[in-house]
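Below: the structure, in structure tokens.
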Amino acid sequence: MGSEDGEGIVTQKKEVESDVQLDPSNQDGTRKIVPGIIYLGHIPPRFRPRHVRNLLSVHGEVGRIFLQPEERFIRKKKKKAGSNAKNFTEGWVEFRDKRVAKLVAASLHNTPMGVRRKSQFHYDLWNMKYLHRFKWTHLSERLAYERQVRQQRMRAEVSQAKRETNFYLQNVEKSKRFSEKSSRAEQEEKSWGFVQRRTEEEIQTSKGNKRLKQQLARAAEIQQKSQSNSALLTKIFNIQH
């Protein structure tokens, strides 16, 4: 992990060359110093890695510090609400000697973070636990695993959003085509003049009326011809009535 930067997430007092060192205070130099890691289950607002180092360095030599930032969607909600504060949810602190780490976790658990009464963290309590046989490499592996899980979840959410979008667009296209078909059907129904087929009785009646008209027209024609013939004979023979 890197040293403390602008992000304020990871700090390191010095690089630890190995997880096992020799204690120079021991005369024979055979006692091994194994680093120990403490888990912080509660990180109050505005609590930063520098606060962790300042408060815990008085109890022993502190190495690497990592504080887990809160989720992105929580930060986005805070930004929308007008707050740009960056908070953390949990943390890990490495002590050079695991015996010191055990002692610090046992003595400071459930005690006020701020020693002074005027400290802004005076009413927050330490929530500590010593992690047996836990190494910093385990934390790196866990963080890498969680990062992969988040990436996979993000890809799954993006894929789901694409499927929902495509489904919505397909339904919109279907709705448009259905509306166009309905409008065309209504126009055809309005423009189509439907005529009921005549019955047999109507057909025969029509034919009878037609013959009757023809007979009447023929009788009228005959009558007209007879009248013209009568007038012609009268002129020829000068018949007096």
Side-chain angles (χ1 to χ4, degrees), residues 1-12 15 37-53 63-94 113 120-121 123-129 131 133-199:
M1 310 296 290
S3 59
E4 184 174 359
D5 51 12
E7 292 277 326
I9 299 177
V10 181
T11 63
Q12 178 178 340
E15 290 292 337
I37 299 176
I38 292 177
Y39 171 74
L40 303 179
H42 170 66
I43 307 296
R46 299 179 300 279
F47 197 71
R48 298 293 181 263
R50 66 176 183 274
H51 298 132
V52 178
R53 187 174 298 281
R64 290 167 283 194
I65 298 173
F66 176 79
L67 300 183
Q68 179 68 45
E70 57 191 0
E71 295 291 339
R72 289 185 178 181
F73 71 92
I74 297 178
R75 291 204 62 193
K76 288 182 179 179
K77 288 183 179 179
K78 287 185 177 180
K79 285 185 178 181
K80 289 182 179 180
S83 174
N84 199 25
K86 185 176 183 179
N87 296 325
F88 304 93
T89 57
E90 55 185 352
W92 291 262
V93 182
E94 181 187 48
M113 288 185 173
Q120 59 178 335
F121 309 113
Y123 296 100
D124 291 292
L125 301 180
W126 287 110
N127 186 352
M128 289 183 171
K129 181 180 180 181
L131 302 178
R133 299 181 179 179
F134 189 84
K135 298 180 180 180
W136 201 259
T137 55
H138 298 158
L139 176 59
S140 301
E141 292 173 357
R142 173 186 169 179
L143 296 176
Y145 172 75
E146 290 180 351
R147 184 165 54 251
Q148 291 179 357
V149 170
R150 284 196 298 270
Q151 291 176 354
Q152 291 178 358
R153 185 170 62 246
M154 185 177 299
R155 286 195 293 266
E157 291 177 354
V158 170
S159 178
Q160 178 67 20
K162 287 183 178 179
R163 287 196 298 269
E164 292 177 354
T165 302
N166 293 334
F167 179 74
Y168 173 77
L169 294 176
Q170 290 176 0
N171 287 337
V172 170
E173 291 296 329
K174 289 181 180 179
S175 178
K176 287 182 179 179
R177 289 196 296 267
F178 181 77
S179 299
E180 291 175 357
K181 288 182 180 180
S182 298
S183 60
R184 285 199 301 267
E186 290 178 357
Q187 292 176 359
E188 290 177 358
E189 184 177 355
K190 290 179 180 179
S191 61
W192 182 35
F194 179 78
V195 179
Q196 176 66 37
R197 182 179 178 181
R198 295 187 300 175
T199 62

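- Between Leu40 and Met128, some side-chain heavy-atom pair lies under the 4.5 Å cut-off.
- When all heavy atoms of Ile65 and Arg53 are compared, the pair lying nearest together is CD1-NH2, 3.8 Å.
- Looking only at distances, no side-chain donor or acceptor of Arg46 sits under 3.5 Å from a matching main-chain atom of Asn87.
- At a threshold of 4.5 Å between non-hydrogen side-chain atoms, the residues Lys174 and Arg177 count as touching.
- By the ring-ring contact (aromatic ring centres under 6.0 Å, His included) test, His138 is found to be paired with Phe134, residues two or more places apart in sequence or in another chain being considered.
- Distance alone, capped at 3.5 Å, places no donor-acceptor pair between the Ser175 side chain and the Asn171 backbone.
- Distance check, rounded to the nearest 0.5 Å: CD of Gln120 to CZ of Phe47 gives 9.0 Å.
- Under the 4.5 Å side-chain criterion, counting only non-hydrogen atoms from C-beta, Trp92 is not in contact with Arg64.
- The minimum heavy-atom distance between His42 and Asp124, with the atom names listed, is NE2-OD1, 3.5 Å.
- To the nearest 0.5 Å, the span separating CD on Glu90 from CG on Asn127 amounts to 10.5 Å.
- Taking every heavy atom of both residues into account, Trp126 and Met113 meet most closely at NE1-CA, 3.4 Å.
- Contact between Leu67 and Arg48 at its shortest, heavy atoms only, is CD1-C, 3.9 Å.
- The structure places CH2 of Trp136 at 13.5 Å from CD of Glu141, a figure rounded to the nearest 0.5 Å.
- Scanning all heavy atoms of the two residues, the minimum distance from Phe121 to Pro44 falls at CD2-CG, 3.9 Å.
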Practice item. Give the C-alpha distance, both sets of side-chain angles, the deciding distance and a yes or no for side-chain contact (heavy atoms from CB on, under 4.5 Å) between Val52 and Val93. Key: CA-CA 8 Å; Val52 178; Val93 182; 3.6 Å; yes

